[in-house]
Amino acid sequence: MLMNQPVVLESNAVFMGIEYLAIFCCGLSGGLAAVKKQYDLFAILVAAWMTALGGGIIRDTLLGALPPVGIADKGLVLTTLMSGIVVAVAHPEIEHLRWSMIVTDAMGLGLFAVNGTAKSLAYGMSGMVSVFLGMFTALAGGLIRDMILSEVPAVIRDKHWYAVPSFVGCILTVCVYRSVVHWSWGLDVEMALDVAIVVLVVALRVLSVRFDITLPGAVRRDIPKSE
């Protein structure tokens with residue numbers, strides 16, 4: 001299956017650079033999780049690679065975009081492997097960069113959500129399918145990491161907004177795509193709107209952590225005991 005049009009953010013060198021930075025930091029977080037489990041270097045590299053690129057591999061496989069960029073793009077693969085090597089050496093220092101990691105991880109969340117959704121739409125998928133694939137791109141890497149490390153997935157464990165910002169970003173990306181097609185807006189307008197969506201996703205994620213904002217749980221109800 002061929003793309004109908006290019007993914008807008010992937011055509012801009014600046015945002016490609018930001019995406020590489022986000023992938024590197026996602027790899028750091030994945031490798032750090034393996035370090036905390038006291039696994040060997042191979043496990044650290046695998047955890048870094050799957051965290052950063054696992055979501056994109058699932059997306060591309062479902063789209064039929066083979067081979068997936070997670071194994072075909074040398075730059076991306078080498079970036080994740082480098083992040084694994086770095087975290088194996090510098091993990092004590094990296095653990096102290098909490099807010100830097102949160103912000104960069106949020107950037108990756110936003111970029112992966114928008115790019116994943118946009119790529120799915122470019123392959124002719126429906127809006128609903130594209131939202132799911134966008135969320136897979138943003139969230140599945142961390143999900144795979146936690147599964148192979150026998151941890152409760154962060155998407156469930158983290159009480160702050162994590163999946164919610166990515167879902168909002170995916171929905172808005174579909175809206176922007178439909179509007180661009182309907183109103184024949186140019187690539188500059190689409191890129192500006194996509195950037196705004198990424199900024200919104202980052203803001204939602206960071207603010208939820210900063211101010212301890214969480215989603216409500218189940219409604220507390222007491223059933224009276226029968227006599």
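Every value quoted in this text rests on a predicted model; they were computed, and no experiment measured them.
Both I71 and Y20 are part of a single hydrophobic cluster, where members link through side-chain heavy atoms under 4.5 Å apart. One hydrophobic cluster, built from ILVMFWY side chains closer than 4.5 Å, cannot hold both I44 and L149; they sit in different ones. Clustering ILVMFWY residues whenever any of their side-chain heavy atoms sit less than 4.5 angstrom apart, transitively, puts V89 in a cluster other than the one holding L41. No single ILVMFWY cluster, assembled from side-chain heavy atoms under 4.5 Å apart, contains both V195 and L21.
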Checking V164 against L215 for the side-chain contact (heavy atoms from CB on, under 4.5 Å) test, could you report, in this order, the C-alpha distance in whole Å, the side-chain angles of both residues, the deciding distance, and whether it holds?
CA-CA 9 Å; V164 170; L215 290 176; 3.5 Å; yes
Decide side-chain contact (heavy atoms from CB on, under 4.5 Å) for F136 and L133; before the verdict, give the C-alpha distance in whole Å, the side-chain angles of both, and the deciding distance to 0.1 Å.
CA-CA 5 Å; F136 285 164; L133 292 180; 3.8 Å; yes
Can you list the steps and then say if V129 with S120 is a side-chain contact (heavy atoms from CB on, under 4.5 Å)?
CA-CA 8 Å; V129 171; S120 303; 5.7 Å; no
Determine, step by step, whether L28 and L32 satisfy the side-chain contact (heavy atoms from CB on, under 4.5 Å) criterion, reporting the C-alpha distance in whole Å, the side-chain angles of both residues, the deciding distance to 0.1 Å, and the verdict.
CA-CA 6 Å; L28 290 180; L32 190 60; over 6 Å; no
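In this structure, M128 belongs to a hydrophobic cluster whose other members, linked by side-chain heavy atoms under 4.5 Å apart, are F132.
Evaluation of the side chain to side chain contact (heavy atoms under 4.5 Å, CB included) rule for V189 yields W185, L193 as partners, not counting sequence neighbours. Listed by chain and residue number, K37 satisfy the side chain to side chain donor-acceptor pair (under 3.5 Å) test with E151 (two or more places apart in sequence, or in another chain). Considering only residues two or more places apart in sequence or on other chains, D212 meets the side chain to side chain donor-acceptor pair (under 3.5 Å) condition with H160. Residues meeting the side chain to side chain donor-acceptor pair (under 3.5 Å) test with D60, sequence neighbours left out: K119. Listed by chain and number, the residues in a side chain to side chain contact (heavy atoms under 4.5 Å, CB included) with D40 are F42, A43 (sequence neighbours excluded). Under the side chain to side chain contact (heavy atoms under 4.5 Å, CB included) criterion, I223 pairs with no residue at all, not counting sequence neighbours. R205 meets the side chain to side chain donor-acceptor pair (under 3.5 Å) test with D158; sequence neighbours excluded.
Heavy atoms only, all atoms of each residue included: T61 and P68 are closest at OG1-CG, 3.8 Å. Smallest separation of non-hydrogen atoms from D194 and T173: OD1-CG2, 4.5 Å. Summarising the geometry of S130 relative to M125, their closest heavy-atom pair is OG-CB, 3.6 Å, with the distance given to 0.1 Å. Here the shortest heavy-atom pairing between P153 and D146 reads CA-OD2, 3.2 Å. Scanning all heavy atoms of the two residues, the minimum distance from C170 to T117 falls at SG-OG1, 3.2 Å. Considering all non-hydrogen atoms of both residues, S29 and C26 come closest at OG-O, 2.7 Å.
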Please set out all donor-acceptor pairs under 3.5 angstrom arising from side-chain atoms of residues 90-114, sequence neighbours excluded.
residue: H96; atom: ND1; partner: P92; partner atom: O; Å: 2.8
residue: T104; atom: OG1; partner: S100; partner atom: O; Å: 2.7

Tabulate below the donor-acceptor pairs under 3.5 Å that side-chain atoms of residues 46-58 make, not counting sequence neighbours, or state none.
residue: W49; atom: NE1; partner: G70; partner atom: O; Å: 3.0
residue: T51; atom: OG1; partner: A47; partner atom: O; Å: 2.6

For residues 74-86, which side-chain N or O atoms pair as donor and acceptor with protein atoms under 3.5 Å away, sequence neighbours left out?
residue: T79; atom: OG1; partner: G75; partner atom: O; Å: 2.6
residue: T80; atom: OG1; partner: V77; partner atom: O; Å: 2.7
residue: S83; atom: OG; partner: T80; partner atom: O; Å: 2.5

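Between the side chain of T137 and the backbone N or O of G116 there is no donor-acceptor pair closer than 3.5 Å.
Note that OH of Y39 and CD1 of I148 are 9.0 Å apart. Values are rounded to the nearest 0.5 Å.
No more than 12 heavy atoms of other residues, nucleotides or ligands lie within 6.0 Å of CZ in F167, so this atom counts as exposed by the packing criterion.
Between T214 and S208, every side-chain heavy-atom pair lies at or beyond the 4.5 Å cut-off.
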